Amino acid sequence: MTDQNSFLIEIGTEELPPKSLRRLADAFAKHLAEQLLAAQLIENQQQARWFAAPRRLAVQIDQLAVAQQSRMVERRGPALTAAWDEDGNPTKATLGFCRSCGVEPTALETMRTDKGEWLVYRALQEGATAAELLPAMVASSLQRLPIDRRMRWGSGDGEFVRPVHWIVALLGTEVVDIELFGVHSGRNSRGHRFHANREIELTSADAYLDSLESAHVIADYERRRELIVDQLQQQATEAGGSVVIPAELLEEVTSLVEWPNAVVGQFDQRFLQVPAEALVASMGDHQKYFHLLDEQGELRPNFITVANIDLPVVPPGERNPVVAGNERVLRARLADAEYFWQADCKRGIEQMAAGLPGVMFQQQLGSFQQKSERLALLVGQIMQGAEADLINLGRQAALLSKADLLSDMVGEFPELQGVMGEYYAQVEGLPAAVGTAIREHYLPRFSGDQLPTSRLGAALALADRLDSLAGIFAIGSAPTGDKDPFALRRSALGAIRLLLDADLDQPLKPLIEASVEQLPPGLEITGAALVEQVESFMADRFRGYQESQGYTPDAIEAVLAVSPQTLLEGQQRLQALTQFRGEPAVESLVAANKRVANILAKSAAEVSEQVDQAVLTDEAEKILYQQIGAASSLVGALTEKRDYLLACEQLAELREPVDRFFDAVMVMAEEPELRRNRLALLQQLRELFLKVADFSSLQG
């Protein structure tokens, strides 16, 4: 491309939602780059860079072609035989074609091909300029942004995530004329709201970052984020601790400040008597502060806040007003947390649980008390075979699992559900296993989250998810399309991970049946129909989970076709089958299994129950019969031990006798007795392979 320049578009707004800032800016750049690429104004999408700060979204395009290249266009008209009348005048078809092209008939040419001759119009089409194309592209990109709720302001009818106050649009040094949301583009941005609250004239698109930085705005999001991390670590080192930097909190703080300056504050030592999670929630969730740990990993009475202004210089011995102000605000927050903790401890977890009948889980499914009672019964089912004392602890944990929902602390910090329940159980002197299970039954909270480490915690977590799945399906609120208001997909995935990785190797269907049996009467879907729906939903989630782990759909279906008793057993079969697919014998065995399955499907009515050895006449079928008999006991013993890979290797030994059988033997013999006997032999062969998986489902 020739004649290239940089393009900058900045949308200046009121403060944008911090948790959406990165997503909005990234989508803006992506949508704009897609259109420019389609218009052949850029060569790749990497030429688009996005910038974002609390009051601005911006995209810069490097090496943008200032105009599209001119190109030859060719339009084919009527066939030559229909183009002229007997007098040599243009027909109506020709005249209509000329009008559509805006030319006279004399401007047309003739195109000759092996299929005939046609009139054709050829012309050089000038490429549109970038300045002509950009306004519509920018408008389209903004319209496609993932905005959950759009705002309207003033007397205009424009809608955007926040009111728009200015627009910068520069192609090189020239302003591109764009009008959006009642605002005309120009070359003036705005500086920091406090340090440089004025218009900032940009001489060119390439001057954007430097010009804004001189006005106390670091518009480069990634640079601002890295600067914050460096400042946090430096401040923590100077304070003698280490800073914890949660990814979500870092993203949010990066989106809240234009001119970051980190500073350390402190709080009263007495607040460390409150559970650390509550203090961290007060600092992080409410105040956007980062907490510090000492060498032992314990919480220090310090915090780091990231100010959006230059810190004032104060004389030695005086308190920095920014630090003092943040400490004062945090002191009030921590005092609230201290009060909640003390009040909750006075009530106790048993008294909290007594209030659960008055808290509704779901109108048709009853209160949290009723849910807790269902969990207690289901935990007993899941832990069948364990010691009676352990089962009783599990039931006790189930009955108390939702009690902390009535605590003042969880009322203020909902994300501490379970965590505070464990603390309250400890204060009440309950067995440690009960408190651990209360905390762990919320795990995993999201994809990739940690799993419970205790057996009680895993059993209670599974019971909670199965009860919710069965209950919500029963009231007719199963997920549809992209709508999943009760997060049942996440619950199902959590249950699958618990069954696979948390030492809960149990058949799923009986647990679903137990969950269904305990639901209150009168629901929309009940009984076997409900069990089937939940089981099918779980199977679909199992497929999706295993595909996300890298397993192929055909291998997953090959395993599910044999109905493994437990999900863990299914995964073990899948792992072995996937490893075995690299062996040379697989292709031949898969082809043979497909052939066997097809023959048996077409001849199901003729298959004998047993193979009559006396009817075996061909040497190849005799050998195959012997090999199947020898392999059957070996494969059966291996599958009992779940050594599916070795079982596959034993099946591979059948490759030669199976190939020889199909080469030498006519299965569908004319003599009925011989045909039925050979079909029975193939049925035995298929059943032997089905002890591992349905090899006929594999795609070669």
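As the structure is a prediction and not an experimental result, all values here were calculated from the model.
Taken to the nearest 0.5 Å, the OG1 atom of Thr254 stands 9.5 Å off from the CG atom of Leu21. Taking CD1 of Ile61 as the reference point, atom CD1 of Ile42 lies at 5.5 Å (rounded to 0.5 Å). Distance CG/Leu698 to OG1/Thr552: 7.5 Å, rounded to 0.5 Å. Taking CD from Glu222 and CZ from Phe51, the interatomic distance works out to 11.0 Å, rounded to the nearest 0.5 Å. A distance of 13.5 Å separates NZ of Lys288 from CG of Asn326, quoted to the nearest 0.5 Å. Interatomic distance, CZ of Phe28 versus CG of Leu142, reported as 4.5 Å (0.5 Å rounding).
With hydrogens and angles disregarded, a donor-acceptor distance shorter than 3.5 Å links the side chain of Asp554 to the backbone of Gln699. Put simply, the side chain of Ser214 gets close to the backbone of Ser211: a donor and an acceptor are under 3.5 Å apart. Listed for the Asp484 side chain is a donor-acceptor partner under 3.5 Å among the backbone atoms of Arg489. The backbone N or O of Val120 lies less than 3.5 Å from no partner atom in the side chain of Glu74, so there is not a single donor-acceptor pair. Side-chain atoms of Arg224 never come within 3.5 Å of backbone atoms of Pro260 as a donor-acceptor pair (strictly under, hydrogens ignored). Looking at Ser100, its side chain does come within 3.5 Å of a backbone N or O of Phe97 through a donor-acceptor pair. The closest donor-acceptor contact from the side chain of His195 to the backbone of Asp310 lies under 3.5 Å. In this structure, the side chain of Gln47 engages the main chain of Asn44 through a donor-acceptor pair within 3.5 Å. The closest donor-acceptor contact from the side chain of Glu238 to the backbone of Gln235 lies at 3.5 Å or more, if one exists at all.
Sorted by first and then second residue, the salt bridge (Lys or Arg N to Asp or Glu O under 4.0 Å) pairs with a member in residues 168-194 read Glu15-Arg193; sequence neighbours excluded. For residues 156-172, no residue pair satisfies the salt bridge (Lys or Arg N to Asp or Glu O under 4.0 Å) rule, not counting sequence neighbours. Residues in residues 130-141 take part in no salt bridge (Lys or Arg N to Asp or Glu O under 4.0 Å) pair, two or more places apart or across chains.
Side-chain contact annotation: Gln287 with Thr305, donor-acceptor N/O pair under 3.5 Å absent. Side chain to side chain, Asp206 and Gln60 meet the donor-acceptor criterion of an N or O pair below 3.5 Å.
Atom CZ of Arg543 has more than 12 heavy atoms from other residues, nucleotides or ligands within 6.0 Å.
Electrostatic pairing of Lys30 and Glu34 counts as a salt bridge here, judged by a charged N lying under 4.0 Å from a carboxylate O. A salt bridge does not link Asp148 to Lys19: none of the charged side-chain nitrogens sits closer than 4.0 Å to a carboxylate oxygen. The pair Asp26-Arg23 fails the salt-bridge criterion, with no side-chain N (NZ, NE, NH1 or NH2) lying under 4.0 Å from an Asp/Glu carboxylate O.
When all heavy atoms of Phe542 and Gly570 are compared, the pair lying nearest together is CZ-C, 4.4 Å. Of all heavy-atom pairs spanning Gln35 and Ser141, the tightest one is NE2-OG, 2.9 Å. The two atoms that bring Ala29 and Ala48 nearest to each other are O-CB, 4.1 Å, heavy atoms only.
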- Item | Step-by-step side chain to side chain donor-acceptor pair (under 3.5 Å) determination, Glu251 to Tyr221 | CA-CA 10 Å; Glu251 290 293 321; Tyr221 187 96; 2.7 Å; yes

- Task: Test side chain to side chain contact (heavy atoms under 4.5 Å, CB included) on Val175 and Ser185 and set out the steps.
- Result: CA-CA 7 Å; Val175 173; Ser185 61; 4.0 Å; yes

- Given the rule in the side chain to side chain donor-acceptor pair (under 3.5 Å) test, do Ser189 and Glu10 qualify, once you have shown the distances and angles that lead to the verdict? CA-CA 8 Å; Ser189 182; Glu10 181 192 56; 2.8 Å; yes

- Task: In sequence, state the C-alpha distance, the side-chain angles, and the governing distance for Gln571 and Gln549, and then conclude on side chain to side chain contact (heavy atoms under 4.5 Å, CB included).
- Result: CA-CA 11 Å; Gln571 179 167 272; Gln549 301 302 302; 5.8 Å; no

- side chain to side chain contact (heavy atoms under 4.5 Å, CB included) between Leu57 and Thr13, intermediate numbers included: CA-CA 8 Å; Leu57 293 174; Thr13 69; over 6 Å; no

- Message: Does Leu180 form a side chain to side chain contact (heavy atoms under 4.5 Å, CB included) with Ile178? I'd like the steps, not just the answer.
- Response: CA-CA 7 Å; Leu180 296 165; Ile178 298 177; 3.7 Å; yes

- Message: Run Phe194 and His216 through ring-ring contact (aromatic ring centres under 6.0 Å, His included) and show every step you take.
- Response: CA-CA 9 Å; Phe194 305 113; His216 283 70; over 10 Å; no

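For the pair Arg541 and Phe537, the cation-pi criterion (under 6.0 Å, within 45° of the ring axis) is fulfilled.
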